[in-house]
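Written below as structure tokens is the structure these notes are about.
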Amino acid sequence: MLRAGSPSPNSFTVAFALKACATVPALGEGRQLHSQAFRQGLEPSPYVQTGLLNLYARCEEVALAKSVFDGMAEDRNLVAWSSMIGGYSRVGMVNEALDLFRDMQAAGVNPDEVTMVSVISACAKAGALDLGRSVHAFIDRKGITVDLELSTALIDMYAKCGLIERARLVFDAMVERDTKAWSAMIVGLAMHGLAEDALAIFSRMLQLKIRPNNVTFIGVLSACAHNGLVDDGQRYWSTMQEMGIKASMENYGCMVDLLCRSGLLDEAYSFVTIIWRNLLVASKSSNRTDIVGLASKKLFELEPQNPENYVLLSNLYALNSQWDRVRYMRKKMKDNNVTVVAGCSSIEINSYLHKFVVSDGSHPEIKEIRVVLREIADRVLRSGHKPWTAAVLHDVGEEEKEIALCEHSERLAIAYGLLKTKAPHVIRVVKNLRFCPDCHEVSKIISKSYGREIIVRDRVRFHRFIGGSCSCKDFW
DNA sequence: ATAGGGTTAG
């Protein structure tokens, strides 16, 4: 159209083209459209504005989205607010999303079900149960329609926040369910180790002729993996092929996991050679140094710049007290100019999320937090644990321990929780860092010495520690 | 004829 020279695009044309870019998403093309719109003088149109805002929000360019949003000043309507909140939610900037949600109400704009999807999904990402519950109450109070998408977001939120029963209630109340809704429920149940329920739901889904997709099978296969159902898992894998559903990288990963957990390491190895990293994770506790060596070699050949590989292998060595190798990994990272984005733990107190990263001294109450860490260490020592375990809980001088273990984000978050919350007795910590070998052991010990329940959620599922007993099915 | 939303292993 531009090449033909006529007709000239108008605000409709640009808005539609922007939507296309947002859907792909295609940031480069979108930016060209932005300048095109500017040259054509179409930028002031509210539809072009929200088109641009949404383009940047969907491309996870929150700074750009925010600048468009700020430029809209008086023209901010429901769509603009929702799109911006969705942008923050998408990149995990939960507090920003929720602040904006409050600003929106203060500005007198009433949220609708689309807005609430982003808000609920922000709570899900954060594992913020109290917030999520109060937002759900808000939805009911305002009479906002809980439609298909919002129900799915609620299922996901309750599942990720640990209330699988509530997730189930939302699912059961739905009048219409599509593939994503079923998948959210199945993945949620799998995450909680409820394989039987997950598989029952899946077979109901098939009976109702709802077509599953690869995400559904992630739930199904991980449910099998968590519960040692190798044969079932392999059967579902065939089902997936028979249904013509193309396996994603994650699906392959589930299979490797499934086989490794049942001790079938050699089968996993030959199952698919491209999933070297999964193999590396799974061979952590297998003493198969041959597989560890080969997989890490392959990994570094394939992805020399991916910090996860270095962290994973470093933690693996730390777990086996091979400190010279840990040091070597650090050096190798430095030499290859690889930097790690620190893992983050967060804890929700009075509807606000406090985030911690490893060795982070920037928290305003860090002094008090360190006091609690020391107090925890004392208690742990008194309750008969090895000095080493206690040393893990607060800063240690010895280089080796320091490398692997000092002031983990999770411990900082737990200490802060103990500092700020007397009741209820449950501490919920959300953790992003993967491949962390010692966290769950330590959480269990802290839980026992304080007689308080600590729930740690990582990307995998919940680990519940109650006074020393552990309901986690395959506690490492 | 125009805008915003949900599920993804370890």
Side-chain angles (χ1 to χ4, degrees), chain A residues 10-19 22-23 42 45-55 57-58 65 69 72 75-87 89-90 111-122 124 145-157 159-160 167 170-171 174 177-188 190-191 212-226 233 247-258 260-261 275 277-284 308 312 434-436 458-461 474 476:
Chain A
N10 62 12
S11 64
F12 286 80
T13 332
V14 174
F16 285 129
L18 281 172
K19 187 186 171 78
T23 306
L42 300 170
S45 152
Y47 285 93
V48 171
Q49 288 283 301
T50 47
L52 287 167
L53 167 54
N54 190 242
L55 164 78
R58 294 213 31 157
F69 182 73
M72 293 178 75
D75 294 333
R76 283 177 205 152
N77 54 25
L78 179 59
V79 177
W81 284 101
S82 301
S83 193
M84 193 66 230
I85 293 170
S89 171
R90 192 169 291 112
D112 66 1
E113 61 273 13
V114 181
T115 325
M116 298 321 292
V117 167
S118 292
V119 178
I120 287 292
S121 139
T145 318
V146 182
D147 62 8
L148 178 64
E149 287 87 352
L150 188 47
S151 298
T152 308
L154 283 167
I155 291 168
D156 182 48
M157 186 274 288
K160 292 214 169 97
V170 174
F171 181 77
M174 290 175 78
R177 306 182 189 98
D178 66 358
T179 301
K180 288 183 184 179
W182 287 91
S183 302
M185 192 68 245
I186 291 168
V187 170
M191 187 189 281
N213 62 15
N214 63 318
V215 181
T216 323
F217 276 98
I218 289 171
V220 170
L221 295 173
S222 71
C224 295
H226 289 170
S248 66
M249 210 60 140
E250 289 84 354
N251 294 129
Y252 282 98
C254 289
M255 283 308 282
V256 174
D257 185 40
L258 178 84
C260 286
R261 281 178 193 244
I275 315 292
R277 186 163 45 236
N278 302 45
L279 200 57
L280 197 50
V281 173
S283 51
K284 183 170 74 181
E308 276 186 2
L312 169 59
R434 298 174 256 182
F435 314 131
C436 177
D458 55 23
R459 282 169 47 96
V460 189
R461 61 186 176 284
D474 53 353
W476 74 283

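Please read all numbers here as calculations on a predicted model, not as lab measurements.
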> Which part of the nucleic acid does A/E113 contact within heavy-atom distance under 4.0 Å: base, sugar-phosphate only, or nothing?
Replying inline: base
>> Does the structure show A/F12 stacking with B/dA1, if we require the centres to be closer than 5.5 Å and the planes to be within less than 30 degrees of parallel?
In response: yes
> Taking only N and O in the side chain of A/N54, is any of them less than 4.0 Å away from OP1 or OP2 of B/dA3?
Replying inline: no
>> I want to verify a distance call: between B/dA9, B/dG10, B/dA3, whose nearest atom is closest to the A/D257 side chain?
In response: B/dG10
> CE of A/M72 versus P of B/dA3: gap in Å, rounded?
Replying inline: 14 Å
> Are A/T179 and A/N213 close enough that a side-chain donor and a side-chain acceptor fall under 3.5 Å?
Replying inline: no
> Where along residues 213-221 of chain A does a heavy atom fall under 4.0 Å from DNA chain B?
Replying inline: A/N213, A/V215, A/I218
> When you measure from the side chain of A/D178, which nucleotide among B/dG6, B/dT7, B/dA3 comes out closest?
Replying inline: B/dG6
> Quick one: are A/V220 and A/I186 in side-chain contact, heavy atoms under 4.5 Å?
Replying inline: yes
>> Tell me whether the side-chain N or O atoms of A/T50 pair up with the base of B/dA3 as donor and acceptor below 3.5 Å, since no angle test is needed here.
In response: yes
> Going by atom types alone, do A/S118 and A/S89 pair a side-chain donor with an acceptor below 3.5 Å?
Replying inline: no
> Do A/S82 and B/dG4 share a donor-acceptor pair, side chain to base, under 3.5 Å?
Replying inline: yes
> Is the base of B/dG5 touched by the side chain of A/T152 through a donor-acceptor pair closer than 3.5 angstrom?
Replying inline: no
> Considering the options A/T50, A/T115, A/N77, which one meets the side-chain hydrogen bond (donor to acceptor under 3.5 Å, both in side chains) requirement together with A/S82?
Replying inline: A/T115
> Side-chain N or O of A/R177 less than 4.0 angstrom from OP1 or OP2 on B/dT7?
Replying inline: no
> Is there side-chain contact between A/F217 and A/P212, with heavy atoms separated by less than 4.5 Å?
Replying inline: yes
> Separation of A/H226 atom NE2 from B/dA9 atom P, in whole Å?
Replying inline: 9 Å
> What is the nucleic acid contact for A/T115, judged by heavy atoms within less than 4.0 Å: base, sugar-phosphate only, or nothing?
Replying inline: base
> Heavy atoms under 4.0 Å, any strand shown: does A/R76 hit a base, just sugar-phosphate, or nothing?
Replying inline: nothing
>> Taking the minimum atom-to-atom distance to the side chain of A/S11, which one of B/dT8, B/dT2, B/dG4 wins?
In response: B/dT2
> Taking only residues two or more places apart in sequence or in another chain, which ones pass salt bridge (Lys or Arg N to Asp or Glu O under 4.0 Å) with A/R76?
Replying inline: A/D70
> Does a nitrogen or oxygen in the side chain of A/R58 sit under 4.0 Å from OP1 or OP2 of B/dG5?
Replying inline: yes
>> In this structure, how many angstroms lie between the C1' atom of B/dG5 and the CG atom of A/L78, rounded?
In response: 11 Å
> Is A/I120 touching bases, backbone alone, or none of the nucleic acid, heavy atoms closer than 4.0 Å?
Replying inline: nothing
> Would you say A/K160 reaches B/dG6's phosphate, i.e. side-chain N/O to OP1/OP2 under 4.0 Å?
Replying inline: no
>> Base, sugar-phosphate or nothing for A/A181? Non-hydrogen atoms, less than 4.0 Å.
In response: base
>> Between the base of B/dG5 and the side chain of A/D147, is there a donor and acceptor pair under 3.5 angstrom?
In response: yes
> Which nucleotide in the set B/dT8, B/dG6, B/dA1 lies at the smallest distance from any side-chain heavy atom of A/F16?
Replying inline: B/dA1
> What nucleotide among B/dG4, B/dT7, B/dT2 has an atom nearest to a side-chain atom of A/A184?
Replying inline: B/dT7
>> Does any part of the side chain of A/K160, heavy atoms only, come nearer than 4.5 Å to the side chain of A/M191, both counted from C-beta?
In response: yes
> Rounded to whole angstroms, how far apart are CG on A/L18 and C1' on B/dG4?
Replying inline: 14 Å
>> Whether A/K19 contacts B/dG4 is assessed here as follows: a side-chain N or O lying under 4.0 Å from the phosphate OP1 or OP2. Is that the case?
In response: yes
> Less than 4.5 Å apart, any side-chain heavy atom of A/T145 and any of A/L150?
Replying inline: no
>> With a 3.5 Å cut-off and heavy atoms only, can you find an N or O donor on one side and an acceptor on the other between the side chain of A/N251 and the base of B/dA9?
In response: no
>> With hydrogens left out and only the distance checked, is there a donor-acceptor pair under 3.5 Å joining A/E149's side chain and the base of B/dG5?
In response: yes
>> From CD of A/Q49 over to P of B/dG4, roughly how many Å is that when rounded to an integer?
In response: 15 Å
>> So if I take every side-chain heavy atom of A/V114 and compare against B/dG5, B/dG6, B/dA9, which nucleotide ends up nearest?
In response: B/dG5
>> From the set B/dA1, B/dG5, B/dT7, return the single nucleotide nearest to any side-chain atom of A/D156.
In response: B/dT7
> Within a strict 4.5 Å, meaning less than it, do heavy atoms of the A/E250 and A/V215 side chains meet?
Replying inline: no
>> Regarding A/S222, tell me which of base, sugar-phosphate or nothing describes its non-hydrogen contacts under 4.0 Å with the strands shown.
In response: sugar-phosphate
>> Please report the distance, rounded to the nearest Å, between CG in A/N77 and C1' in B/dT2.
In response: 12 Å
